[in-house]
Trainee: 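Quick one: the structure is below, and I'll ask about it shortly.
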Amino acid sequence: MILSALIAWGFIFREATALGEGFRVNSRVDVHHLSIKPKAFYRNDGDYATVAVATEHPECSKIGKEMLLAGGSAVDSAISAALCIGIINNFSSGIGGGGFMLIRTGYGQSTVLNFREAAPAASTEGMFEHAPQDAKRGYRSIAIPGEIRGFEAAHAKYGRLSWSQLFAPNIALARNGFPVTQKLASMLDKFQDQLRESPGMIETYFKEDGHTPKGFGELIQRPNLANTLETIANEGANAFYQGAIARALVKDIAAHGGIATMDDFKDYDVVESAAETINFRGYEIITASAPTSGPAALVGLKVLSELLDRPGEFEFDTDGMLKWAEMSTSQRAKFTHYLIEALKFAYATRMKLADPRFAKMGEIIWKGLKDAIIQRKAGAVKPNKTFPPGHYTEIGEEVADKGTMHLNVYDHRDGMAVSFTSTINLEFGSKIMNRETGIIYNNEMDDFSIPGKPNEFQLPPSRVNFPKGRKRPQSSSTPMIALKDGQVVLIIGGTGGSRIIASTMQAAVGILVQGLSAATAVSMARFHHQLIPNELIVEHEYPGELEQLLANRGHQVHRLRRGLYFSGVSAITVARDASCDSTVITAVSDPRKGGSTDGF
């Protein structure tokens, strides 16, 4: 207990000496998904010369750095840091979920590991049609987790350290405990009524009275999860998918009306695929393919590039950057309007994306990115007017996650970059913790479309995304890497369900087009438009003059109230100075989510 208390006070001291308030952000919409930003947080940006890690928590960034110091690869670092996030911020991610890892090697190879959760074999298209709430909460909402199989595949191909080394600091963290962060405290307070329905959640996150959630600074220990991680560290991923862990999970799920089976766990596989790439204003943009929203973001970027090249519209400097500092408010409003219009085409594309093993995605993505189609889309954009949603789904095509974490790692020693998004879907996933293993189940079945029903983020149903056995649902994940002359210059991604695409694109465009620093691009006030519903949401700090000029163009603008936010972005930029043969690696985690960076 003395050791645990000292560790806890160490965490608290570091939080107490954080840099201060920073940006506080957002809301009017769907307050269920908005969270109060921590009042104080760790340093969320830093400059490094050799390696950098950007995660949601300083302890996890530190663990990622330690893996690199021990001689590990960027992938080793990403895995160990992600395990840490799954312990401390288990409302966002964990080994009960899954994700997508975008990897760029120093040899110029790009690949994507898809370990998105998969529907149990017994899943059917209409399984939630008459009980849509079952897709969000309870045992029928659980899809087969992919996280551990994904880590196994990534480590086997790109790891340098032993498998058990990646788990060691995280086993100690779960067993010794950690103090409740301000972010976790706000999540526990918000969802306490739902969490009290799970005995495992009560034992972990509530005080001895079983009714009051633990508050900021109080110690949380997760011995059952520590034992689970230790078993996986010693026995490998098969312990999770074929051994005692799988048996414990399946027994629990079956006893409460779920449909996952041992065969579902045993047959889960990781899908490796080539990355999707485009040329964007002198950069090569790399992202993951379907079922992520990477291809949708690429459509948005290409449309924006066409709009920026309209004769006489904007001025650029010799590096191809907008002269943002010199632009008038009206010019900035026009640029923002064009970015919003490009986003609408991105979200129209998202409606058509699905698991490529169950739908022909190659042709859809290829056609959507064709220059002729992009030019037609851009040609439908007017500088002083916006349109209803149908306008954006009819140009050259047929009509058709909130508990999430993202981290980035860059190692200049070998040039490897990792952009990794992981999720258990909504906050605390299914709101159920397995008591024996300490694993919080995902509720990824809600990311499938239900006939006639919008999902939790009000996105309309898409036929190609209806549930089916072993299928993987659509994802808003948009991990992205940008290259200049073949060298990594940006690693970026975000969290926040359907808002990921808009948030990631705005920050990336801020860095690559507007010439903003990474810290400014990540922390500046943002907007969100996902085509349906037809509304433009702006954060409370968003400039009022810009808001009015956008409203004059027909955008239905809603300003979020002070102190709330709905998305988080992390980024790493790499700048090289050939004159002195030096490199500056800048890592930034979004202050909205209390993020932190580390490196050396």
Side-chain angles (χ1 to χ4, degrees), residues 277-285 295-349 366-397 480 482-485 489-490 501-502 504-516 520-521 524 526-527 529 531 536 542-543 545-555 557:
T277 65
I278 62 165
N279 292 317
F280 173 72
R281 312 195 69 77
Y283 299 95
E284 181 182 358
I285 306 295
L298 296 185
V299 168
L301 289 173
K302 290 195 73 170
V303 170
L304 176 64
S305 188
E306 285 287 329
L307 295 172
L308 294 180
D309 285 339
R310 286 181 170 178
E313 295 269 355
F314 300 101
E315 291 186 21
F316 299 87
D317 64 21
T318 55
D319 293 325
M321 296 287 184
L322 275 174
K323 294 184 177 180
W324 187 254
E326 302 173 17
M327 288 171 62
S328 65
T329 300
S330 62
Q331 279 291 96
R332 291 186 178 195
K334 181 189 288 187
F335 170 82
T336 304
H337 169 67
Y338 281 166
L339 180 52
I340 294 166
E341 297 297 279
L343 274 171
K344 292 181 182 181
F345 284 114
Y347 279 93
T349 300
W366 174 75
K367 283 185 176 179
L369 291 171
K370 284 181 65 175
D371 289 344
I373 296 295
I374 294 295
Q375 289 162 8
R376 288 173 60 188
K377 293 178 192 293
V381 173
K382 306 304 178 187
N384 295 303
K385 182 180 180 181
T386 190
F387 299 91
H391 181 79
Y392 305 89
T393 60
E394 296 170 355
I395 306 297
E397 55 186 325
M480 191 179 292
L483 309 176
K484 184 81 168 180
D485 300 324
V489 294
L490 174 65
I501 309 165
T504 303
M505 277 185 59
Q506 283 174 79
V509 168
I511 294 167
L512 301 178
V513 178
Q514 296 169 255
L516 304 178
T520 300
M524 67 182 181
R526 291 196 285 262
F527 57 81
H529 203 306
L531 185 62
L536 175 66
Y542 200 78
E545 287 181 285
L546 278 181
E547 177 186 347
Q548 185 57 56
L549 290 171
L550 293 171
N552 292 346
R553 287 172 163 84
H555 294 286
V557 187

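Because only heavy atoms are used, hydrogens play no part in the values below, and waters and symmetry mates are left out as well, while side chains stay in.
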Trainee: For E326, give me all partners under salt bridge (Lys or Arg N to Asp or Glu O under 4.0 Å), at least two apart in sequence or on another chain.
Mentor: none
Trainee: Report the residues that fulfil salt bridge (Lys or Arg N to Asp or Glu O under 4.0 Å) with D317, sequence neighbours left out, ordered by chain and then residue number.
Mentor: none
Trainee: State which residues pass side-chain contact (heavy atoms from CB on, under 4.5 Å) with A342; sequence neighbours excluded, sorted by chain then number.
Mentor: V303, L304
Trainee: Under the side chain to side chain donor-acceptor pair (under 3.5 Å) rule, collect the residues that match up with Q506, sequence neighbours excluded.
Mentor: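 Side chain to side chain donor-acceptor pair (under 3.5 Å) list for Q506, sorted by chain: empty.
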Trainee: Check side-chain contact (heavy atoms from CB on, under 4.5 Å) between A507 and all other residues, then give those that pass, not counting sequence neighbours.
Mentor: I492, V569
Trainee: Going by the rule side-chain contact (heavy atoms from CB on, under 4.5 Å), which residues pair with S328 if we only count those two or more places apart in sequence or in a different chain?
Mentor: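 S328 satisfies side-chain contact (heavy atoms from CB on, under 4.5 Å) with S330, Q331 only.
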Trainee: Please enumerate all residues that pass side chain to side chain donor-acceptor pair (under 3.5 Å) together with R281, with sequence neighbours excluded.
Mentor: S305, D309
Trainee: Please list, chain by chain and in numerical order, all residues satisfying ring pair (Phe, Tyr, Trp, His ring centres under 6.0 Å) with Y283, sequence neighbours excluded.
Mentor: none
Trainee: Report the residues that fulfil salt bridge (Lys or Arg N to Asp or Glu O under 4.0 Å) with K382, sequence neighbours left out, ordered by chain and then residue number.
Mentor: none
Trainee: Only counting residues at least two apart or in another chain, list the ones meeting side chain to side chain donor-acceptor pair (under 3.5 Å) with K367.
Mentor: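 Listed in chain order: E363.
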Trainee: Using side-chain contact (heavy atoms from CB on, under 4.5 Å) as the criterion, list what pairs up with D371, not counting sequence neighbours.
Mentor: K302, Q375
Trainee: Run the salt bridge (Lys or Arg N to Asp or Glu O under 4.0 Å) test against E313 and tell me which residues pass, sequence neighbours left out.
Mentor: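 If we apply the salt bridge (Lys or Arg N to Asp or Glu O under 4.0 Å) test to E313, skipping adjacent residues, the hits are K334.
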